[in-house]
There are 2 protein chains.
Amino acid sequence: MGPLSSNRPTLADVAAAAGVSVSTASLAFSGAGPIAQATRERVLAAAQELSYSGPNPLGRQLRRGRAGIVGVVIGDALRRAFREPVSAQVLDGLVGSLGPLDLGVLLIPGTSDPSGNPVDPLIESAAMDVAVLMWGGTDADPKLAALRRRGIPTVVLEGLPMDGVASVGIADRRGMTELTRHVLELGHTRIATVTLPFNAERGDGLVDPDTHPLDWEITRRRLAGILDAGVRPVAVYETPASLVEHGRTAGLALLGSPDRPTAVIAQSDLLAAGVVLAARELGLRVPQDVSIAGFDGLELPWVAPDVLTTVVQPLEDKGVAIGQAVATLLAGEVPHAVELPVALRVGTTTGPVPA
Amino acid sequence: MGPLSSNRPTLADVAAAAGVSVSTASLAFSGAGPIAQATRERVLAAAQELSYSGPNPLGRQLRRGRAGIVGVVIGDALRRAFREPVSAQVLDGLVGSLGPLDLGVLLIPGTSDPSGNPVDPLIESAAMDVAVLMWGGTDADPKLAALRRRGIPTVVLEGLPMDGVASVGIADRRGMTELTRHVLELGHTRIATVTLPFNAERGDGLVDPDTHPLDWEITRRRLAGILDAGVRPVAVYETPASLVEHGRTAGLALLGSPDRPTAVIAQSDLLAAGVVLAARELGLRVPQDVSIAGFDGLELPWVAPDVLTTVVQPLEDKGVAIGQAVATLLAGEVPHAVELPVALRVGTTTGPVPA
DNA sequence: GAGGCGGATCGAATCGATTTGAGGAACGAG
DNA sequence: CTCGTTCCTCAAATCGATTCGATCCGCCTC
């Protein structure tokens, strides 16, 4: 017996019903090649009659050698990824820019499943023409290795530029430096920072950045941006994810002590928002008692009426840039690395250092 | 020339290199059928040698008649969908429960694109074995029609039970009734409600529910739940999406007037959180001056230290239920409609009516 | 009327695998 | 020594389309 005992009509059935050859019937649907108007209509009528809904994508894909699918590898938990507006908006932009190219987006969790395999089976065997690695992997990433082995062209986001993969990122290091300078100009010297995860371990607490293993480029670059401004943070607090509640926890820890910093720079707006909430809970005024800054440039309704001082990254452009990189890869060329600019946006959450 | 002038090795190449037939080589990879250990190793070695990374999924899919893909139709804008934690968590649960079935999740925006076609081209022609319609369509939905035409089994979320499609939802009507009774018991009589969108128009403002066109089942049911408790809301405010900022806008409008309601029931937690923020901005104490309730049972860090009174829906179970429905459809059976239970959770945002 | 030409149609090969039924080797039993 | 069994292996059909090159037909030109 065949694979599925389904009796859906095929192109051959339609061709037979219309009294033409399969090749002609194909032409009627694809429009690639000369075909008489009358013939075409006859074929379409026959299709209608048999309730044939168009060429089976599987057959088409095999013949074409293309699946029409871009696999998007969302690091770690999907839920967490979605709760970060940054991921969500990039994903949104990506879907938006891929749609017109007739490409679908396949979600790939990419978690190391507990059953032994270090790589998601979808990465190993799903049909896709291009892969996008959100939250850039390093050269050692087994996910990247699997994609390479399969020969699937890949775009890496926010990763290190590497051989053989396209990369799209933002100038977050420079942006962070600019932000830090702004804080310095306000007179602050006791500056703490709340960071994204350092690595897959996802710690939660104060760390010594000199000895703590730091695998994630994005965290490293944003940290380096602060150092570039000549600042040595009085405290570095690592969070397990860019979420408001983790920012709040960090804020309570940092601002609860008597020798608290006068300024806190967070590596994301969500974390910064959490710090703001913590400050309010502790009865501290922002920015009179403590200055707080973030990164990303999101619109966060719940720190209203305050407006976060932050570094704005062009999320929309990012989606577009990824789309372009994908298109280029699909054309068989190698896109050059893209680094999008960022801009400092001074809000109401930073002010002069308290006397 | 072939479809793509790629020279990746095929199973035939591997078979030749290993000195066996293609069928034997296939067996070596799939393990479906008897094969001598030695032969198997020889084939795998040959594959390694040629850097053959396993059977091409396209060929396998065509033969099997299965794409191994579930298309998830996300209504309207993807970005909006992601910003709603409810969608995100359901999607997460879905991916989680589909992974073990060896199914990938294909994101389908499903927006009516501006270029004339009422249905996303991906719905028309992407390869998928099952489709999931988030935010249930009605019988008239062209998306549903397209899926029917293609003969793709479909699961509809939060929709009307319909012929030929599986449905998964929650008892939101009953839950809303229970919530309303709780508010009634606290003595409130001037009760307003903030709703999800009524239809694709996505209005923003007060509406007369008796005359305003209401196409979306979820909004209808949650509204009906209030009426079931015998309450006639003093005001019905429609929002364009379940987002905090829209809740805030609604809250400012409802609570800003002198004859303001003493209780506001929102159709989602995000909306409720926005109303809480609005109340605080207006200098109203919650719950002393106004009681506020939501729906969904999310953990919302930013209404802290308050805890929303809400109706908890089992988001995790929902993902699981969808996964099961998909599996059932894939097996060729028709799953029965699932309605998951909800539970009232009384928090700190509702209290006795002010004297 | 022969030759040439362009457009429509068709046959056959091809994409890369899976699967079935047949064939063959090795081996033990009679 | 012959005749089953058992266990592997293989050839060939099949999944459903696309596409190349050939053919065919009608019509125009000389």
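In the text below, chain A, chain B and the rest are named by the order of the sequence lines, each starting its count at 1. Since the structure is predicted, the reported quantities are computational estimates derived from the model, not experimental observations.
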Give B/Leu58 one of three labels, base, sugar-phosphate or nothing, depending on what nucleic acid heavy atoms sit under 4.0 Å from its own. nothing
Does a side-chain heavy-atom distance below 4.5 Å link A/Ile322 with A/Val90? yes
Within the structure shown, what part of the strands sits under 4.0 Å from A/Thr39 by heavy-atom distance: base, sugar-phosphate, or nothing? sugar-phosphate
Looking across every strand, which nucleic acid part, if any, lies under 4.0 Å from A/Pro55 by heavy atom: base, sugar-phosphate, or nothing? sugar-phosphate
Under 4.0 Å between a side-chain nitrogen and a carboxylate oxygen: does that hold for A/Arg42 and A/Glu49? no
Going by modelled atom types, is there a donor-acceptor pair between the base of C/dT18 and the side chain of B/Arg60 at under 3.5 Å? no
Roughly, in whole Å, what's the span from CD in A/Gln61 to P in C/dA17? 15 Å
Side-chain donor/acceptor contact of B/Arg63 with base of D/dT14 under 3.5 Å: yes
With no angle test and no hydrogens, is the base of D/dA11 tied to the side chain of B/Ser23 by a donor-acceptor pair under 3.5 Å? yes
Checking side-chain hydrogen bond (donor to acceptor under 3.5 Å, both in side chains) for the pair A/Thr24/A/Ser21: CA distance, chi angles, key distance, verdict? CA-CA 5 Å; A/Thr24 303; A/Ser21 73; 3.1 Å; yes
Side-chain heavy-atom pair B/Ser53, B/Arg8 within 4.5 angstrom cut-off: yes
Tell me what B/Thr10 touches on the nucleic acid: a base, only sugar-phosphate, or nothing, going by heavy atoms under 4.0 Å. sugar-phosphate
Taking NZ, NE, NH1 and NH2 as the nitrogens, is one of them in B/Glu124 or B/Lys143 under 4.0 Å from a carboxylate oxygen of the other? no
One would report the end-axis bend of the helix from C/dG1-D/dC30 to C/dG30-D/dC1, five pairs per end and rounded to 10 degrees, as 60°
Hey, which sits more toward the 5' end of DNA chain C by its nearest nucleotide, B/Phe29 or A/Val20? A/Val20
